[in-house]
Q: 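One structure is given below, represented as structure tokens, and several questions about it will come after.
Predicted model, so just to flag it, every value in this text is computed and none were measured.
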Amino acid sequence: MRFSTRSVFVILAAASIGLLAGGLILGDLLRLQPCYLCNFQRLIYMVLALFALCGVAFPEWHRLWSALFGLAALGGVATAAQQSWMQYAPDKVVECGFGDPTLVERIVDWLGLQWPSMFMVTGFCTNTDWIFLGLSLANWSGVCFLLLVITAIWLFVRGGANR
């Protein structure tokens with residue numbers, strides 16, 4: 001089965017929105033407290049959905065949108081990896097929010113003022129409050145971001161067949 005470029009971007013947008021929604025629902029049901037890195041990953045999923053929707057609207061620029069999507073997803077991999085490391089070795093890292101604020105912390109703080117229900121920080125990055133099949137939510141997010149990176153690379157390389 002061969003998917004059109006536009007169809008792949010629709011799937012990527014749906015996946016990004018679905019992962020964002022899934023994380024929000026899971027967090028609400030399990031009363032998980034989001035940290036700076038959790039909230040930054042929420043922002044990245046939103047940016048991914050935006051790039052994918054741009055790919056739906058302008059499939060002739062598929063290489064641009066797939067490159068931007070892939071770079072943003074790589075940022076998600078890095079963020080999830082950082083949080084996973086903080087959860088793995090909490091005694092070897094400085095907790096987010098302590099010391100001088102990083103760029104990520106400043107962005108999330110500003111977003112928390114604009115949209116508190118989505119971006120308000122109430123937890124710590126080193127906490128591992130939920131485990132499924134041996135992986136934390138940060139680990140699962142990293143896996144999902146990696147799959148999105150691979151899809152973006154495939155979309156970039158395959159060309160704009162059947163827009």
Q: Run the numbers on Phe9 and Ser66 for side chain to side chain contact (heavy atoms under 4.5 Å, CB included), then give the verdict.
A: CA-CA 9 Å; Phe9 278 120; Ser66 58; 4.3 Å; yes
Q: Looking at every non-hydrogen atom in both residues, tell me the closest pair between Arg158 and Ser4 and how far apart they are.
A: NH2-C, 3.2 Å
Q: Quick one, Trp61 and Cys54 - any side-chain contact, counting heavy atoms below 4.5 Å?
A: no
Q: Does Ser136 form a side chain to side chain donor-acceptor pair (under 3.5 Å) with Tyr88? I'd like the steps, not just the answer.
A: CA-CA 10 Å; Ser136 71; Tyr88 176 73; over 6 Å; no
Q: With a 3.5 Å cut-off and no angle check, do the side chains of Gln41 and Thr79 form a donor-acceptor pair?
A: no
Q: Please report the closest heavy-atom contact between Met86 and Leu37, naming both atoms and the distance.
A: SD-CD1, 3.7 Å
Q: Is Leu43 linked to Trp115 within one hydrophobic cluster, defined over Ile, Leu, Val, Met, Phe, Trp and Tyr using a side-chain heavy-atom separation of less than 4.5 Å?
A: yes
Q: Check for me, please, whether Val47 and Ile11 land in the same ILVMFWY cluster - side-chain distances under 4.5 Å, paths through other members count.
A: yes
Q: What distance separates Leu20 CG from Ile25 CD1, expressed to the nearest 0.5 Å?
A: 9.5 Å
Q: Would you say Leu74 and Leu147 are hydrophobically clustered, going by side-chain heavy atoms of ILVMFWY under 4.5 Å?
A: no
Q: Going by heavy atoms in the side chains, are Leu68 and Leu64 under 4.5 Å from each other?
A: yes
Q: Can you list the steps and then say if Leu133 with Trp140 is a side chain to side chain contact (heavy atoms under 4.5 Å, CB included)?
A: CA-CA 10 Å; Leu133 298 177; Trp140 283 110; 4.0 Å; yes
Q: Considering all heavy atoms of both residues, which atom of Ala138 and which atom of Ala80 are nearest to each other, and what is their separation?
A: O-CB, 3.5 Å
Q: Are Trp154 and Val157 grouped together when hydrophobic residues (ILVMFWY) are joined by side-chain heavy atoms under 4.5 angstrom apart?
A: yes
Q: After noting the C-alpha distance and the side-chain angles of Val56 and Leu12, does the key distance pass the side chain to side chain contact (heavy atoms under 4.5 Å, CB included) rule?
A: CA-CA 10 Å; Val56 172; Leu12 288 174; over 6 Å; no
Q: Grab the two heavy atoms, one from Ala72 and one from Phe51, that are nearest each other, plus how far apart they are.
A: CB-CE1, 4.1 Å
Q: Grouping I, L, V, M, F, W and Y whenever their side-chain heavy atoms are under 4.5 Å apart, do Tyr45 and Leu50 come out in a common cluster?
A: no
Q: Can you find a pair of side-chain heavy atoms, one from Gln83 and one from Leu137, that are under 4.5 Å apart?
A: no
Q: Hey, are the side chains of Leu24 and Arg42 touching, using non-hydrogen atoms and a 4.5 Å cut-off?
A: yes
Q: State, to 0.1 Å, how close Phe145 and Ala73 come at their nearest heavy-atom pair, and which atoms those are.
A: CB-O, 3.7 Å
Q: Decide side chain to side chain contact (heavy atoms under 4.5 Å, CB included) for Ile153 and Val149; before the verdict, give the C-alpha distance in whole Å, the side-chain angles of both, and the deciding distance to 0.1 Å.
A: CA-CA 6 Å; Ile153 291 169; Val149 168; 3.9 Å; yes
Q: With Val77, which of Leu146, Ile44, Val143, Leu148 fulfils side chain to side chain contact (heavy atoms under 4.5 Å, CB included)?
A: Leu146
Q: Any chance you could measure Leu53, atom CG, to Phe58, atom CZ, to the nearest 0.5 Å?
A: 11.0 Å
Q: State, with a plain yes or no, whether a side-chain heavy atom of Thr151 is found less than 4.5 Å away from one of Phe69.
A: no
